[in-house]
Amino acid sequence: MKASDSGSTRFDSLRLRNYRVYRDAEFVFPSGGSYDLHVVVGHGGCGKTNLMNAMSWCLYGQERYQPSKSEGLPIAFRPLGGALAGVSPTVSAELKASRRDPNSSEEIVDTFKRSQGDSGLSFTHTQIRGGEVVQDDDAERASITINSLIPKEMRWYYFFDGEKIQDFLFGQATSNVEPALSYLSRIRLLQTTMNHLTSVQTDLQKQIAKNNPAMLALVEDKARDSEQLTNLRTRLEGQERERDIAKEERDKYDQLLQSQGGAADLPERQTKLEAQKTALESRIKVAESAYRSALYRVAGHVFAEPAMRQFDALVEEKEGRNELPPPVEPSLIERILNEGTCICGTPLAQDADIREHLNALLRQVKEVSNLGGAVAPIRQYVSLVERLLEREPAELGGLRTSWAELRQDLDSVCVELASVDMELQQIDAGQIRQAQQNRTAQQELYEKYVTEIASTKAEMQLLEKRLADQEKKIAIAQGKEVSLKEDKARLAIVSDAIEIAQRVLSQRTEMVRSYVSDRFGEALQEMMWQKDLYPRAFLDDSYRIHVMHAGGGEALATMAESEKEIAAIAFILALHEVSGYQGPLVVDFPFGRTTGKMTDQIAEVLKSLSQDRQVILLVTDTEYAATEGILQPCVASRHRLVRSNGETIVEAEA
Amino acid sequence: MSDEREAFPLLFRVDAADIEPYGNRDLWPSSGPNRPSNGEKFIIAMSYGFKMNVRMELKKPDPSFQVRGEYFKDDEKALLYSVAVSSEVNLDVVLDGKRVAEIAEAYAHGGLTLLAQKLAEAPRGTLWDDLEAEILELAPVTSDIEEPPTADRGTF
């Protein structure tokens, strides 16, 4: 079944005039074959993303992805050498979409045209049904029509970058999924109905309670709380809007910074390098100091080393002569002299010569003993230095190497710093810093609103509970009140209606979430090549996506890139199906994250999808060369983008 | 009986001509926390004087600049005594603290004069590079220093 046969919308053609790189270009996407698969091939920078942007701009007045190099540039085509003096060309994009009326099978062709020029902006819609022009709308009606085909709230699930498709699965997806599902649940409509019914209910309750002050007080309390709840809802809507704006702005700065590549990191790198330089300078001082201190010490030791050797030699010489330590203990001689008796007990003769001899011996021994006493510690010191000298030169070498290495590190840091400084001079560092600051500011704003939203929701929950209690009390009081039967009957109807609306609201939200969740699981199973690997995939109550391993664990983070891409496509298709808004899939850079077999698998999935919906792939030459074997036999149209004389030319290939 | 403490001199004199070299930052480059003390400079100068065999008696000792002996560490005392013993070729000199000081002072004066002269002649900042080369040449080779592996070792 072809896309147009199934009631889903498909794009028949796109005509661009003076839109960015396109001066005058036309893409025709014919239908009729078994596969509604279209390929636009072109190298980087020749306008693939802008083609998708043009579709989005034409339908919603907003581009899908703004490449940073186009950031801030006028949307109008600029010929080589800049804009033509005094001429501001009119930019226009005309998109022709077709579908089949599911009831009458009649073909309906909608043409949307958006223009921007000197005469201002315009957005028009023309519908041809069965060959007759049946509608020619102004901008407001044109917007309503496109919203009935592909709602603005869900547009990002139709046009996307394959490289970023995984974003649908993680973190930030939650804030995208919730509004989309709220839209699908028609929550806003139900909410408005409930607000109206509550106000009618309050009036009726006041009417009934007018003669009963206690009940009237209850009703007035409830009325006040209801009004506060309505205000909170309005506040919540505002906060959610502000959060989404902050998020969009943050993402825009992220893209801008990403596109700057290394340049975006330069200011941060400069700061880090300067810090490294200071730390290294300080470490170098310490290392130099340690090295010099060791050098001075070793210098003293090495230069005086021969003196120590000579000292050792003289000591050894004396020791050899048995003069160090003295051969006789001086106290022994002193005892012999004092007692006049030899150590063997024989009395010494009173011979003056012997006494003189012994006294001379005592003096000599004492001198030697003094020298021995003085030399002993010096020997220890010398021995210490000799031991030190065994390792000091190696240590000195080590300290010198450490110092030199640090200086080398410093040199490298200085060279890198100089290069960063030079690069910073060449780029507009101010602009990058500004973008980083803006990004941080938007992130802070986003986080602020996320917190505020949580607090508002909590406040609302409290109020809702209080209102329910008040309602019960009023119902009890009303039972006792004798009043007009008619008012009571009306009130009963309104109260029932509110209850029903509340039930529908919660059921509908849950139903949509559950449908999307189930369909997502099924779609993933259908598309996944290894069916048993991930038996379960679902969307939880907090709108977070889960893919489970056969063993039960969370698999999303560890899945292969191609598997993640398939999971994201499955989720997108689930949203399409549940919403009933069946439209084309326009995918820029679909094989950007995959290689080899994984690329083949994605190509097979996209080819298979094109059997019942339109798939438009914007691919690089390399991507197409890698998938040509799979895609080419099924391709319904192929366009090649070629840059020539400052503009992109579209060549339709057979 | 006098012990080593008594024999060790308490003060070492410095010649007036050496005051400037002792404070010269080019002669004693050190940018960190471990700047050499005057005692350390004295020992280095003495060792260098001894190594170069240049001994100069003090002409005009400067009483305002003296190196205090009690701050010398054990390894420095080893050098002071060894230089004195080697110079006199007599171990007994260790008992004469005054003589040990005179010998050390003369070698320190001679060594510092040489170093100052060398500093003046060498390109700026290279004095200690030259001295380091001399030190490493003189340093005893220890067996536990690994030699780098040769390229042809272990080839097929």
Side-chain angles (χ1 to χ4, degrees), chain A residues 282 284-315 317-318 323-324 330 366-394 396-397 400, chain B residues 1-8 28-36 40-52 73-92 94-95 107 111 128 131-132 134-146:
Chain A
S282 148
I284 284 170
K285 269 191 183 174
V286 174
E288 185 193 353
S289 172
Y291 158 74
R292 291 211 181 276
S293 177
L295 179 62
Y296 296 147
R297 194 176 59 245
V298 181
H301 294 169
V302 168
F303 291 148
E305 200 252 347
M308 288 185 290
R309 260 190 283 130
Q310 191 158 15
F311 172 85
D312 282 338
L314 286 171
V315 169
E317 199 183 306
K318 272 217 182 269
E323 291 171 0
L324 274 179
K366 276 187 173 174
E367 269 175 30
V368 172
S369 185
N370 276 346
L371 183 64
V375 164
I378 299 171
R379 283 186 85 181
Q380 283 181 7
Y381 304 154
V382 169
S383 156
L384 164 78
V385 177
E386 284 167 348
R387 281 198 309 276
L388 285 174
L389 266 173
E390 281 178 16
R391 56 167 207 265
E392 274 177 335
L396 185 66
R400 189 181 233 296
Chain B
M1 193 174 100
S2 59
D3 61 12
E4 176 268 328
R5 199 182 296 256
E6 287 165 343
F8 191 72
W28 310 104
S30 205
S31 54
N34 304 328
R35 290 228 174 91
E40 285 165 334
K41 292 175 190 170
F42 179 87
I43 292 291
I44 295 164
M46 176 199 76
S47 296
Y48 191 64
F50 176 80
K51 186 232 165 191
M52 303 303 289
K73 296 187 282 284
D74 290 350
D75 64 320
E76 291 166 336
K77 286 178 189 168
L79 305 183
L80 285 162
Y81 280 118
S82 300
V83 164
V85 167
S86 176
S87 163
E88 300 280 289
V89 199
N90 181 0
L91 208 55
D92 294 347
V94 300
L95 294 170
Y107 276 125
W128 278 97
L131 286 174
E132 188 188 1
E134 279 183 54
I135 289 164
L136 293 177
E137 206 169 300
L138 291 169
V141 177
T142 49
S143 56
D144 58 345
I145 297 175
E146 265 185 47

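What you see is a predicted model, and the numbers here were worked out from it, not measured in a lab. Residue numbers begin at 1 in each chain, while the letters A, B, ... track the order of the sequences.
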K.L.:
Highest number of heavy-atom pairs under 4.5 Å with chain A: which of B:V83, B:D75, B:N90, B:V89?
P.N.:
B:D75

K.L.:
Which class fits the ring pair B:W28 and B:W128: parallel under 30°, tilted 30 to 60°, perpendicular over 60°?
P.N.:
tilted

K.L.:
A:V382, A:V385, A:L314: which one forms the most heavy-atom pairs within less than 4.5 Å of chain B?
P.N.:
A:L314

K.L.:
Does the pair B:R35/B:E40 count as a salt bridge with the N-to-O cut at 4.0 Å?
P.N.:
no

K.L.:
For A:S289 and A:K285, indicate whether the former's side chain and the latter's backbone hold a donor-acceptor pair under 3.5 Å.
P.N.:
no

K.L.:
As an exercise: rank A:A290, A:S293, A:A299, A:S383 by heavy-atom pairs under 4.5 Å with chain B and give me the winner.
P.N.:
A:A299

K.L.:
Using the test side-chain hydrogen bond (donor to acceptor under 3.5 Å, both in side chains), find all partners of B:E88 that sit at least two apart in sequence or belong to another chain.
P.N.:
B:R99

K.L.:
Under a 4.5 Å heavy-atom cutoff, which of B:L80, B:I43, B:L79 has the most pairs with chain A?
P.N.:
B:L79

K.L.:
Highest number of heavy-atom pairs under 4.5 Å with chain B: which of A:G300, A:S282, A:A287?
P.N.:
A:G300

K.L.:
Quick one: which of B:S82, B:A78, B:A45, B:S87 has the most heavy-atom pairs under 4.5 Å with chain A, could you say?
P.N.:
B:S82

K.L.:
Could I get the full list of side chain to side chain contact (heavy atoms under 4.5 Å, CB included) partners for B:E132, not counting sequence neighbours?
P.N.:
A:Y291, A:L295, A:L396, A:R400, B:L136

